[in-house]
Amino acid sequence: VKAQVPLAVAALGGPWSVMVDYSTTCRTCAGIGTVEPDRNPGCHVCMGEGSVKVGLRRQRQSCGFCDGRGEVLLAPCETCSGSGHVQDRRHVQVQVPSRMRDGAVLRVRGAGEEPVGGGIAGDVVVVTRIAPDPLLDVRGDDIVCQLPLLWSEAIGGCTRDVPSLSGPQRLRIPAGSWSGREIRIAGQGMPRRTGGRGDLRYLLLVDVPSALSDDDAVTLRSLESKIGAPAFARRAQFAALVAQRAEPVTQSGGDTAT
């Protein structure tokens, strides 16, 4: 059975339910393929034996005309169409280990199909894949979430509902946050093989509108002018460094002895 496991379950471990298809004996016909056996005549090819002799060595093989039944199925069971088996889908609970690797093979003993004629049931073997998470990205032992913010949220601060491996939680965004700032929560990342857990890192991204009207652009520039350049500390620092680099470099040297 192939199954996808969510990142949170694969990281922290725990039970996970997978759907398994079983082939079980038809209860309507008790597995014989018909509820009216008297209506099914004996096969005229194999003379009711279910097998025929073929080849120079006259080896026996299953009769192709009656599929080895020994009789022609004229009144098949409506439930199983004469096969004697029906497909049954069931949920099977799998115990996922913490920090499960992608492609791990998990086994549920005794949850498989029972042998024909009875006996001990086999196992269910699950080949797993870790389902990609659209919000959480694994980077080593850490989990990284890119968190978009509105201008007002970044400037004035806010509290946002954010995802984590343990479910939604509240995160306070400090006032004056900038795009690229990272808020780190220790011990909420991936379990380490040596013990403990990595960190959960929220990367703040100030969301910029993809398009502004001319009036909106004029309003924005007017607001920037009203606030004043000194309020934009990082831009002012960058401009100062650029201006410093543009200044001519003077070199001084001593006399050269001859």
Rounded distance (nearest 0.5 Å) linking atom [atom1] of [X] with atom [atom2] of [Y]:
X    : Y    : atom1 : atom2 : answer
D142 : L136 : CG    : CG    : 12.5 Å
L135 : L7   : CG    : CG    : 10.5 Å
D67  : S83  : CG    : OG    : 11.0 Å
Y202 : I173 : OH    : CD1   : 9.5 Å
S98  : M100 : OG    : CE    : 11.0 Å
D137 : I143 : CG    : CD1   : 7.5 Å

Which atoms form the tightest heavy-atom contact between [X] and [Y], and what is the distance?
X    : Y    : answer
D207 : W151 : O-NE1, 3.6 Å
A111 : V92  : CB-CG1, 4.2 Å
E113 : S23  : OE2-N, 2.6 Å
C63  : C43  : SG-SG, 3.9 Å
V96  : A10  : CG1-CA, 4.2 Å
L200 : P163 : CD2-O, 4.3 Å

Next item on the list: Show the numbers, then the answer: is there a side-chain contact (heavy atoms from CB on, under 4.5 Å) between V124 and R107?
Entry: CA-CA 6 Å; V124 170; R107 184 181 296 272; over 6 Å; no

Would you say [X] and [Y] are hydrophobically clustered, going by side-chain heavy atoms of ILVMFWY under 4.5 Å?
X    : Y    : answer
V9   : I130 : yes
V126 : Y22  : yes
V208 : L220 : yes
V162 : V138 : yes

Find out whether [X] and [Y] are in side-chain contact, i.e. whether some heavy atom of one side chain is under 4.5 Å from a heavy atom of the other.
X    : Y    : answer
T24  : H85  : no
R90  : V20  : no
P15  : Q95  : yes
L204 : E182 : no

Item checked: Sequence neighbours excluded, every pair satisfying ring-ring contact (aromatic ring centres under 6.0 Å, His included) that has a member inside residues 30-80 -> H44-F65

Sequence neighbours excluded and cut-off under 3.5 Å, please list the side-chain donor-acceptor pairs for residues 26-36, or say none.
residue: T28; atom: OG1; partner: T79; partner atom: OG1; Å: 2.9
residue: T34; atom: OG1; partner: E36; partner atom: N; Å: 3.0
residue: T34; atom: OG1; partner: N40; partner atom: ND2; Å: 3.3
residue: T34; atom: OG1; partner: A75; partner atom: O; Å: 2.5
residue: E36; atom: OE1; partner: R39; partner atom: NH1; Å: 3.0

Check: Would the number of heavy atoms belonging to other residues, nucleotides or ligands and lying under 6.0 Å from CZ of F232 be above 12?
Finding: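 Check passes, neighbour count above 12.
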
Next item on the list: Measure from the side-chain N and O atoms of Q146 to the backbone N and O of L205, and report whether any donor-acceptor pair falls under 3.5 Å.
Entry: no

Notebook entry, point to check: Taking D161 for the side chain and R170 for the main chain, is one N or O donor matched with an acceptor at less than 3.5 Å?
Noted result: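 No, D161 side chain to R170 backbone: no donor-acceptor pair under 3.5 Å.
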
Check: I185 and L171: side-chain contact (heavy atoms from CB on, under 4.5 Å), yes or no, with the steps?
Finding: CA-CA 10 Å; I185 302 178; L171 179 68; 4.1 Å; yes

Under 3.5 Å, which donor-acceptor pairs link side chains of residues 188-195 to any protein atom two or more places apart or in another chain?
residue: Q188; atom: OE1; partner: Q169; partner atom: NE2; Å: 3.2
residue: R192; atom: NE; partner: D141; partner atom: OD2; Å: 3.4
residue: R192; atom: NH1; partner: R197; partner atom: O; Å: 2.8

Item checked: Verdict with supporting geometry, R160 and L149, side-chain contact (heavy atoms from CB on, under 4.5 Å) -> CA-CA 9 Å; R160 289 282 302 274; L149 298 175; 3.4 Å; yes

